[in-house]
Structure formats: structure tokens, C-alpha cells
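Before any comments, here is the structure.
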Number of protein chains: 4
Amino acid sequence: MVKAKIGRPRSEKSQEAIINATHDLLNEKRGAGLTIEAIARRAKVGKPTIYRWWPSLADIVLEVVLRQADTSITVSSFESLRETLRQFLRQSMKAIVDWGGVHLRFLLAHAQKDEEFRERFREKFVAKRRTVLNSIFLQAMQRGQIDSEQNLELVADIVFGAMWYRLLIGHASLDESFADELTEVIIRLVQAGPA
Amino acid sequence: MVKAKIGRPRSEKSQEAIINATHDLLNEKRGAGLTIEAIARRAKVGKPTIYRWWPSLADIVLEVVLRQADTSITVSSFESLRETLRQFLRQSMKAIVDWGGVHLRFLLAHAQKDEEFRERFREKFVAKRRTVLNSIFLQAMQRGQIDSEQNLELVADIVFGAMWYRLLIGHASLDESFADELTEVIIRLVQAGPA
Amino acid sequence: MVKAKIGRPRSEKSQEAIINATHDLLNEKRGAGLTIEAIARRAKVGKPTIYRWWPSLADIVLEVVLRQADTSITVSSFESLRETLRQFLRQSMKAIVDWGGVHLRFLLAHAQKDEEFRERFREKFVAKRRTVLNSIFLQAMQRGQIDSEQNLELVADIVFGAMWYRLLIGHASLDESFADELTEVIIRLVQAGPA
Amino acid sequence: MVKAKIGRPRSEKSQEAIINATHDLLNEKRGAGLTIEAIARRAKVGKPTIYRWWPSLADIVLEVVLRQADTSITVSSFESLRETLRQFLRQSMKAIVDWGGVHLRFLLAHAQKDEEFRERFREKFVAKRRTVLNSIFLQAMQRGQIDSEQNLELVADIVFGAMWYRLLIGHASLDESFADELTEVIIRLVQAGPA
DNA sequence: AACTAAACGAGACGGTACGTCCAGTCTTTAA
DNA sequence: TTAAAGACTGGACGTACCGTCTCGTTTAGTT
């Protein structure tokens, strides 16, 4: 049964304004100055309107990221494991550097203070990224390019861990050479052990 | 020339009280409720006294962590690379789980919002941990257990990245089996490639 | 065009609580201990609520005084200048002694430190009191009891100056005999010069 | 019994520096920014040195005023009451306008918050000024220019009240015409009543 | 000439209040 | 009858001063 639609309808315009304001504020001062109040001011919207649709500030940012990520993830046709992996890593890092570094760091920071958001973040973002990597591994496995006894969960921890670590600590950049080196490491790990 | 020491000297008692209050508050509600005001109240100290000696809340937590870390880091006598590495990882993870997880997550979160603190965090904590790992690798290299062509910086990113990633995302635990599996992976990476 | 009234309206209850708390605190310790924080605590109100509606502590006190003054000023029917003036002065001094001495001294003190408040104080309080006195003089003038060449502004300075001076310096009391003596002096001043 | 004078004697240089710093700070921003800390900074003096010799900030200002007043009060040879009074009032107002308005307003304001200082202020400053006026009246009385039945205390309240009132409220200036008008009023009051 | 004690500068201390920002809730009007 | 908007309570922020304290450092007068 369809729920009767009564009352004033949700304003799509407001939602867009909120998302855009959030994105803009994030880019303006590296994430400083991103508060619910600032978003409300910028989007010319009342604070309760924001609270009605998102449980926390981080969830708005998460939606901003997901909207972008959905359009930017492109899994090319599988050639070799090495090539596909390299593309995946290069693409991921480029996206972070060009667009989403501030967003991701903001999300990660808030996930540390809000247990419930951390779970949502895990489900909606982290898990999806791991799924993409996993699908690459699965394809490689079907082609026999991976030793099936490997612990692919651990490998995923290593891949994403290294990227997040560099992003969060900031001691080194997420450039192509890092993507390539990481690719080689992973290749070595998933291939059959010392014969 | 040594700066003349004039004026009332710094109160050691207050500093201890601040450090202890910070540690207690972190453990009490998983880091929620850790504010400068709360520390001042708990430590029976004026807020300016805190601001006089630490530039931010995160720096107090950093000092708490460093004081503990200094006493807990023990590099045992080097037996084999595998054994030493395993001990190092098990010890690190145990310390995180038993004692410092909340602290580290708090530090990492604040490092995302405060660029200057991030640098201090890198220098005073991250770099030190990397140095310990590096000294292990150096000893192994002197014994010829490591292929000297390996990119040890990348390996360090992988080791610490994987640990931080699990801590921050919280999808899996930092237990002994993870330490052991990670050890095996690292061993494989630093040993000579497929001849 | 009338500004659209949307949003939660100003809480009358809060305003009352703030006014009452201010009044009580003034009476409790002769004005010491009257701070914005104390008012907020006593009135169970957030500090920003206070700052939203009053630019300074002194302005709250001014409103307290004005609310009281509006109800206490009673200009009786004009009999003779002497009688009306005596009533006015006795009434004014009684109000100061019984009720508003602390308030007025507080207002005067703050007016010395805040130029903008001094202006508001002048307009909202001082000017009104002078207007009352002036209306008395005007009525007397219509009855020919005052030499029209007198400088009534100067006379007003003398009347209010003498009262304020005694209140602020505290060397003598504002009692009925002072009111009566001052009345006689003023009568002599405003009547025709040496015949 | 005389207390034995041992130990380092009071530093005259510091006292001068404190007095000068106070005077300068009062003139710089109309009294705003005059704090014990600021004086200590400016005079290159420790705060305890200030507290050792003066019980409050206002007492320092009082000393500044007294030092100046002692050198500026000049009672000219008595000619007529009118002339002497006019000189006294003009001189007083000129001193206030040119030099001490900020000081006096500061003193008066603090006297409202500190009962004990108010007493000191009354004794050391107010009483002295009244004494000067009184000596003028006494001389006039000896010459028979004043009706001996007049209440000279009330007249003094009127004279000083009118001046303070204009200074504190700021609705009109303390210029020569005010001095002259006030002189005429006082003359009329102290002379014999309507025969 | 060495000793003694008070006053000195410097500045850290525990506190209080400041005025601001933001969080999250409540209450009214608009659609 | 729900959405929107603004005022609300409340907590923490970082700063300025307060008045007190504890130092090491002069600077006389006393031995």
C-alpha cells in the first residue's frame, strides 16, 4: 500500500542547496568552517531542515562523496591483473588528490567520534570500495592469476590501509609512482608463494 | 647563551594533574566529554594554565600517549626477522587494544582538522614508530635476511597503514592472528623476489 | 512593508526571568556579583539569549530601572510650584533610597566606560527625568510663577546634579529635609530677580 | 616605637613609572585599557610591586589626580566674591576639560563599586575641593557679602553637583559660560534673601 | 667586607567572566 | 499536516585580568 502523500512536500531545491553548500564549504577552507550553521546560512535553509534529512554533519558529507563516487568509478574491461589493478589504484588516488581528499579526511575524522556514523560509513563507502577491489581479484582468480589460498581480506586491508595512511598522515603523496609500486607489491602477494 | 630563569617556575604538580585528568577522561566515555574545560575542572587547574603549555587539546593527548609509549616500547634482542617482527606487531597491537586505541583515534581525528598539529603528530609519534620498525629492518639487512633493493618506506606504509586502517575503520580486530598474518606478508615482501 | 514574522517568537518568559534575575542580583550584594554569567545562571537562560536582546549588562539594568520608573512616576495635579516641586523631589529621592540607588549608581558607573551606552542612558533615562521637571516649570510659567527669563536648563542641572552628587559621593543622605531645602533654593532661583 | 628600617628601601623610580604609566594609559584610550596588568607592562614593574603600595587600581588614579591637583590649585587673592568664585569655577572646569575629565570619571565609576575606595575618594579629593570652596565663602562672610544664615553645605552640593553632573552625563560642556552662569546663581543664593 | 632582609622583575598559578560559535530542540507561520 | 525558519537552552571555546604565589636578583643598612 502506498502511503498517502499529504502535507507540504519535501523541497528538492533545499536538498540540492544543502549538498552544494557542503561541497563548497569543504573546498573553501580545507574543511575548517564546515558546520551545520554554516551550511544552513549558505544554503539559505533552516537548521531543522538539515536535521530532518541527515542525522549528522558527516552524513551530508558522505552523501556528497557518494554522489560523486557513483559517477567516477569506472571499472574498465579486464585485461591483466597487473594492468587492471594499476588502473584502479591510479584512478582512486587521482580522485582523492583532485577532488576528495578533504572530504575523506573529514569523514574519517568524524567516524572516530561517532560510532553509529562509523558503521554507516563502513557500509556505504568502505564496503563498496572493497567490493570493487574484490571483483578485480575474483576475475583474476577465474583466470588463474591468483593463488586461491591467499587471504584476500588481508590484502584489501593492505591496499586501502596504505592509501588511507598516506592520506591521513600526509608524509608522502598519493602519486602514480606510489600506485605502481603498490600494484607490484600486491601482485607479488597474491601470486603463488615460493614454489 | 642560556636564557635566564626568572619568575615562578612551572608547577610539575599541575602538569601531572592535567595529564592524568586527560587520560582518565579519554577512558571514561571513549573520548566523548574530553574538553579543555573538563580537564581543567578535573585537574583543579585554571584553563589558562593549560593553554600556557599546550597549543591544543590534541597536543595534551599526544603527550599522554608519548609518556606511555616511551615506557612501553621494548625492542627485544634480535633473534630472527620473523620473530622480531612478530613480537613488534603483537606488542603494538596489544598496546593499542589494551590501552591506546581511543587515544590514537582521537589524535588521528584531530590531525585532520589541524594542519600544524598533524605535523607535530607526524614528527613526535609517527616518525618514532617508523624508526623502530626501520631499526628492525636494518638489523635484518646486516644479517642478509633482506633483499637490499626493497623499498622499505613502502613496506612501512603497508605495515602501519594496515594497522591504522583496522583501528580507524573498525571492521576487524587487531588481534594476534592479524599480527602473525601481517608478519608473514612482510617477510615475503622484503625477502628476495622470485629468482 | 511589514517584515514577515516567521520562526519561533521571542520568549516573554525568558525576558522576564532575565529582568527579575538582574533586579535580584543587584539587591543581593549591592551590585557586586552582577555579571552576565550570573544572570544567565539565575534566570536559567543561555548567554546568547541575553546578548541577542541587550548590547551590554548596563542596558539590562537600564531596562529594569525604566520598567519600574514608568510605574512609579506620578505627576500630581498642579497646586503651587513649591508644593509640586517638593513632591517631585521627595518622591524622586524616596524612590532612589528605597529602591533604585544601587541601580542608578551601577548605570552611572557603566556610562563612564561605555560611550555608546552613555548616550542611550541619556536619552532613555536622564532626558525623561528632565522632561518631567520641565513640565512642572512650564505649568508654573503659565501661571506666572516663574520669571520667564530664567535659564531652566541650568536649573535642571542644579536639581539633578545635587541629587546625583549626594547619591554618588555618599557624604550625605537623600532625605526629606534635603528635598525641602533644595525646593526652597530652586524656588528662589526661578522667581523674579532682585526687584 | 619606630620600626627598624632594614632591607631594600622602596624604589622611588618604580613609583614614578607606575604613576606615569597610569596617566599615559588613561589619556590614550579614554581610560579603556587601563588595567593593573597594562600598568605593570608599561612601567616595566612587577604586579606585586603595585599591589604592595596601592590597594586598588582606582587608588593609583587617585594619586595621579592628587599630584596634579596639588600643583594646579591656586587661590588668588580675594577681590570680590563674584570674581573669586568665577575664577574658581573657570579654573576647575578648565582643569577638568584639559586634563582630568577621564581621570575623574574613572574615579567616580570605581567609587560606585568599591565602598572603601569611595570613602578614601571622599576624604582625599572631594573634601579638599569642598574646603577650597568653603574658604572662599568664609572670606566673603568676613566681609559681610554673605548672609550668614545660608546653608553653605547645600550650596556646595549644588556647585559641585552641577559640575559632576555635566561631566558624568555629558549632555553639555563645562565651558566658561557655564562657569559664569553658575557663579551668578550661587551669588544670588548666598546673598540675603528677599528683604 | 660580609651579612641580612626587604623590595624588586618576572611570570606561573587558580579563578572568574568575557563575548562568540555551534549543537540540537522547540514553537510558530507558510505552503 | 508536513516543511521551513528562527529563537531557544546550553556547553565549550580561547582570551583578558584578577589577586596571589614563588622564584632569583638587587640594594640598602647592620654587623
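Just so it is clear, the values below take in all heavy atoms, side chains as well, and ignore hydrogens, waters and symmetry mates. These numbers were taken from a predicted model, which means no experiment stands behind them. Numbers restart at 1 for each chain; the letters A, B, ... are given by sequence-line order, proteins then strands.
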Q: Mind running side chain to side chain contact (heavy atoms under 4.5 Å, CB included) on Trp99(C) and Gln68(C) for me, showing each step along the way?
A: CA-CA 9 Å; Trp99(C) 187 85; Gln68(C) 178 67 19; 3.1 Å; yes
(Q) Heavy atoms within less than 4.0 Å of DNA chain E: which residues of residues 50-60 of chain D have one? Give them sorted by number. (A) Arg52(D), Trp53(D)
(Q) So if I take residues 20-39 of chain D and measure heavy-atom distances to DNA chain E, which residues fall below 4.0 Å? (A) none
Q | Out of dC8(E), dC13(E), dA7(F), whichever nucleotide has its closest atom nearest the side chain of Ser11(D) | A | dC8(E)
Q. Which pairs count as ring-ring contact (aromatic ring centres under 6.0 Å, His included) when at least one residue sits in residues 31-53 of chain B, sequence neighbours excluded?
A. none
Q | Side chain proximity check, Leu104(C) to Leu168(C), heavy atoms < 4.5 angstrom | A | no
(Q) Between His110(A) and Gln112(B), is there a side-chain heavy-atom distance shorter than 4.5 Å? (A) no
Q) Of Thr49(C) and Pro48(D), whose closest DNA chain F nucleotide lies nearer the 5' terminus? A) Thr49(C)
Q) Is the CZ atom of Arg122(C) crowded by more than 12 outside heavy atoms at less than 6.0 Å? A) yes
Q: By nearest nucleotide on DNA chain E, pick out whichever of Arg8(C) and Arg41(C) is the more 5' one.
A: Arg41(C)
Suppose we screen for side-chain hydrogen bond (donor to acceptor under 3.5 Å, both in side chains). Which residues come up paired with [X], at least two apart in sequence or across chains?
| X | value |
| --- | --- |
| Arg120(C) | Asp59(C) |
| Ser14(D) | Ser11(D) |
| Glu123(A) | none |

Q. Is the shortest side-chain N/O distance from Ser14(A) to OP1 or OP2 of dA3(F) below 4.0 Å?
A. no
(Q) Measuring to OP1 and OP2 of dC8(F), would you say a side-chain N or O of Gln15(C) lies under 4.0 angstrom away? (A) yes
To the nearest Å, give me how far apart [atom1] ([X]) and [atom2] ([N]) are.
| X | N | atom1 | atom2 | result |
| --- | --- | --- | --- | --- |
| Ile18(B) | dC13(E) | CD1 | C1' | 11 Å |
| Lys44(D) | dA7(E) | NZ | P | 24 Å |
| Lys113(B) | dC22(E) | NZ | C1' | 12 Å |
| Lys47(B) | dA12(F) | NZ | P | 10 Å |

Q.
Need one value for Glu12(B): base, sugar-phosphate or nothing, where a base atom within 4.0 Å counts as base even if backbone is also close, heavy atoms only.
A. nothing
Q. Could you state the interatomic distance from NE2 (His23(A)) to CD1 (Ile60(A)), rounded to the nearest 0.5 Å?
A. 14.5 Å
